[in-house]
Amino acid sequence: KNQVEQSPQSLIILEGKNCTLQCNYTVSPFSNLRWYKQDTGRGPVSLTIMTFSENTKSNGRYTATLDADTKQSSLHITASQLSDSASYICVVSPQWGSGGGADGLTFGKGTHLIIQP
Amino acid sequence: EPEVTQTPSHQVTQMGQEVILRCVPISNHLYFYWYRQILGQKVEFLVSFYNNEISEKSEIFDDQFSVERPDGSNFTLKIRSTKLEDSAMYFCASGDSGFQIGNTIYFGEGSWLTVV
């Protein structure tokens, strides 16, 4: 069964500090991995999308890495801001026609990040 | 930034009633999705829709649920005979190609459904 596990479940850091969120997945064969930011009560917003051939992708202060061999990804946030407080969700898609089910997207439970002033 | 819009933002309904959640996907998109998120839990896939028909659905999407694209712009989710456990945030999403292509999928802001 395809699974996406994220850690930590929650994280509190001080404004201005850096942090790294982890994502491990069992989806195979693998097509792409996405990181979404979800503010409380709002819809997920895409941060990065990486295919299996990409190792890193940046979007401003967000940098995602991917190791397709070990099936691990991380999201690094630099110089955190209060507005970064949100849930960060890792989403993995298998290759087309691989029988991944549910149109291919497997969502992690997310890491709840709180930035304190 | 293109937007997927959803209405209503919040609906309270009595158990056993029918609800219709509406979505306006981004205009040039061809793939449409409904997801739900029960409070405190992860996002769950319900159904995908392409070329005016369901392309895939999850175990959650049973006979209680149906989707429709009645007029070429709206994309609706109908829940018949609602149950307490249907209380959740329902997200509509759209994309110009399938998820496997690696394109950006845009989510709406969600519709909170509370069944009492």
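Nothing here was measured: the structure is a model prediction, and the numbers come from that model.
Aromatic rings from Phe49(B) and Phe75(B) are positioned such that their centres are separated by under 6.0 Å.
Atom NZ of Lys42(B) is surrounded by more than 12 heavy atoms from other residues, nucleotides or ligands within 6.0 Å. By the 6.0 Å contact criterion, CD on Gln9(A) is open, its count of non-hydrogen atoms from other residues, nucleotides or ligands being 12 or less.
At a heavy-atom separation below 4.5 angstrom, chain B is approached by Gln38(A), Gly41(A), Arg42(A), Gly43(A), Pro44(A) within residues 37-45 of chain A.
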Point to revise | CA sep, side-chain torsions, deciding dist, call: Asp63(B), Arg80(B), salt bridge (Lys or Arg N to Asp or Glu O under 4.0 Å) | key: CA-CA 8 Å; Asp63(B) 293 341; Arg80(B) 287 179 284 272; over 6 Å; no
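Taking chain A as the reference chain and counting heavy-atom pairs below 4.5 Å, the highest number among Gln6(B), Glu44(B), Glu109(B) is found for Glu109(B).
Qualifying side chain to side chain contact (heavy atoms under 4.5 Å, CB included) partners for Asn51(B), counting only residues two or more places apart in sequence or in other chains: none.
By the 30° and 60° cut-offs, the orientation of the rings of Trp112(B) relative to His10(B) is perpendicular.
Using a 4.5 Å cut-off between heavy atoms, Gln37(B) touches chain A through its side chain atoms alone.
The ring-ring contact (aromatic ring centres under 6.0 Å, His included) test with Tyr35(B) singles out one residue from Phe61(B), Phe107(B), Phe91(B), Tyr90(B), and that residue is Phe107(B).
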